[in-house]
Amino acid sequence: MRILVTGASGFVGGAIMGRLAGQHAVLGLSRSSRSDEAIRRRGGTPVRGDLLSLAPGDLPGCDAVIHCAAYVEAWGTRDDYWQANVDGTDRVLGAARAAGARRFVHISTEAVLWRGQHLRNIDETHPYPDSTPYLYAETKAEAERRVIAANCMTEFETIVVRPRFVWGPGDQTIVPEARAMVEKGAFVWLDGGRAVTSTTHIDNLVHGVVLALERGRGGEIYFVTDGPTTDFKSFLVPLMAAYGVALPDRSVPSWLVRPVAALIENTWRALHLKGRPPLTRHAVDLLCCDCILRDEKARRELGYAPVVTIAAGLQALAVAPS
């Protein structure tokens, strides 16, 4: 197959490209020479462009597209999120279909279901919320809806894969964020780190995406996880220790921090302050809400099973060269 991957120089897209490059001709959407090199290192061929300018001619002979790119920053304007996550997805969908691609796999997130509440024992039938305070969740949900609406069983099949809390070698979010907070003396647990969460090792996500590409039913959504859940403290302490970072034991109750985060965030927007606020509702709510997902559908329909356990993934990080 000939496959285009968006977000190919990032954590998720790069891992997917590396897995597919040995068996398929893989193109990676690239916006810079630095991204070009990252894509080549993974065995792909760079295609210069961006989400909002992608045209059918940029996907010559492509059989499939795997759409990983998104605006995932912790802070930004509505336009930042909407243009990348909604308009960008629309553009990639249109270009893929016009170019004759037959399969489209969209990397989404459980956040499309989230408005700040616990998510417990959730499967793919759980409805979208009527509203959410998080721009990332709102725009990723709208993108997901459009991907599913674009499905056409006879000529263009669209499939959604939803991981949760993606981690592993090459992570560019969880570990750097936690390390930076520790270095600034700002790291604290919320509610003792007791919130329970599903997780998805990068190798398990890549495995699930490949299965979705090969076996996924058009118009369907699949959760992909590590299987067993964990609480944040039990997971993050050994994860960060593998990178030589010791997390402090300090903890504060979420009921105290949540209104503070809302006040800071509202003040930041009202005064048009530059940069990212020191505390956001999304960051606080993420660490104090349970998120327990069920991936039976992927196991049943795709033949999915995790290829890396949480324990094995953490052990591999601990013994990897620094």
Side-chain angles (χ1 to χ4, degrees), residues 11-12 15-16 19-20 64 66-68 70 103-129 132 136-137 140-151 153 157-168 171 174 194-232 234-236 239 285-286 289-314 316:
F11 176 37
V12 171
I16 292 170
R19 169 67 171 78
L20 292 172
I66 301 176
H67 182 40
C68 306
R103 305 278 279 177
F104 188 99
V105 179
H106 176 70
I107 309 303
S108 189
T109 167
E110 88 297 330
V112 300
L113 307 177
W114 195 44
R115 51 178 173 73
Q117 83 283 25
H118 294 296
L119 292 171
R120 294 175 175 139
N121 297 316
I122 299 300
D123 67 11
E124 294 84 354
T125 65
H126 193 82
Y128 299 109
T132 178
Y136 175 67
K140 286 293 285 185
E142 181 60 26
E144 189 178 283
R145 289 188 188 97
R146 296 187 186 200
V147 169
I148 296 301
N151 180 67
M153 295 298 291
E157 294 183 299
T158 60
I159 300 132
V160 170
V161 174
R162 290 178 183 161
R164 157 70 178 176
F165 211 72
V166 183
W167 64 286
D171 165 43
I174 299 171
R194 293 187 298 272
V196 177
T197 184
S198 295
T199 58
T200 311
H201 188 278
I202 185 63
D203 289 353
N204 292 332
L205 174 55
V206 170
H207 180 53
V209 169
V210 171
L211 290 173
L213 179 66
E214 296 172 348
R215 308 176 188 176
R217 290 192 294 133
E220 296 296 325
I221 298 167
Y222 300 94
F223 281 120
V224 171
T225 78
D226 293 332
T229 57
T230 180
D231 64 80
F232 276 108
S234 296
F235 178 71
L236 287 176
L239 175 67
D285 294 348
L286 178 70
C289 289
D290 291 347
C291 183
I292 304 167
L293 309 176
R294 296 169 55 186
D295 62 9
E296 288 96 334
K297 183 177 177 181
R299 293 171 185 261
R300 182 176 66 251
E301 296 190 7
L302 306 181
Y304 171 77
V307 295
V308 177
T309 65
I310 294 176
L314 290 171

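Please read these numbers as outputs of a predicted model, since none were measured by experiment.
- The minimum heavy-atom distance linking H106 with H67 is given by the pair ND1-CD2, 3.4 Å.
- Smallest separation of non-hydrogen atoms from P163 and L205: CB-CD1, 3.8 Å.
- Residues I16 and C68 approach most closely at CD1-SG, 3.7 Å, considering heavy atoms.
- Residue pairs that meet the salt bridge (Lys or Arg N to Asp or Glu O under 4.0 Å) test with at least one member in residues 196-211, sequence neighbours left out, do not exist here.
- Pairs passing the salt bridge (Lys or Arg N to Asp or Glu O under 4.0 Å) check and including a residue from residues 297-314, sequence neighbours excluded, read R217-E301, E220-K297, D295-R299.
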*Would E110 and I122 satisfy side chain to side chain contact (heavy atoms under 4.5 Å, CB included), going step by step from the backbone distance to the final call?*
CA-CA 9 Å; E110 88 297 330; I122 299 300; over 6 Å; no

_Run T197 and R164 through side chain to side chain contact (heavy atoms under 4.5 Å, CB included) and show every step you take._
CA-CA 8 Å; T197 184; R164 157 70 178 176; 2.9 Å; yes

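- For the side chain to side chain contact (heavy atoms under 4.5 Å, CB included) criterion with F223, the lone passing option out of R294, E124, H126 is E124.
- Contact record, S108 with R162: CB-CG, 4.0 Å, taken as the closest heavy-atom pair.
- Considering all non-hydrogen atoms of both residues, C289 and G116 come closest at SG-O, 3.4 Å.
- Note: Y304 and H207 have tilted aromatic rings, judged against thresholds of 30 and 60 degrees for the angle between ring planes.
- Residue R146 qualifies as enclosed at atom CZ: its count of foreign heavy atoms under 6.0 Å is above 12.
- Among residues two or more places apart in sequence or in another chain, the side-chain contact (heavy atoms from CB on, under 4.5 Å) test is passed with A137 by A111, T132, Y134.
- For D285 and W114, the side-chain atoms include no donor-acceptor pair closer than 3.5 Å.
- Listed here is the closest heavy atom pair of R145 and P129: NH2-O, 4.4 Å.
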*asked:* Let's go through Y222 and V105 carefully: what are the C-alpha distance in whole Å and the side-chain angles of both, what is the deciding distance for side chain to side chain contact (heavy atoms under 4.5 Å, CB included) to 0.1 Å, and is it a yes or a no?
replied: CA-CA 11 Å; Y222 300 94; V105 179; over 6 Å; no

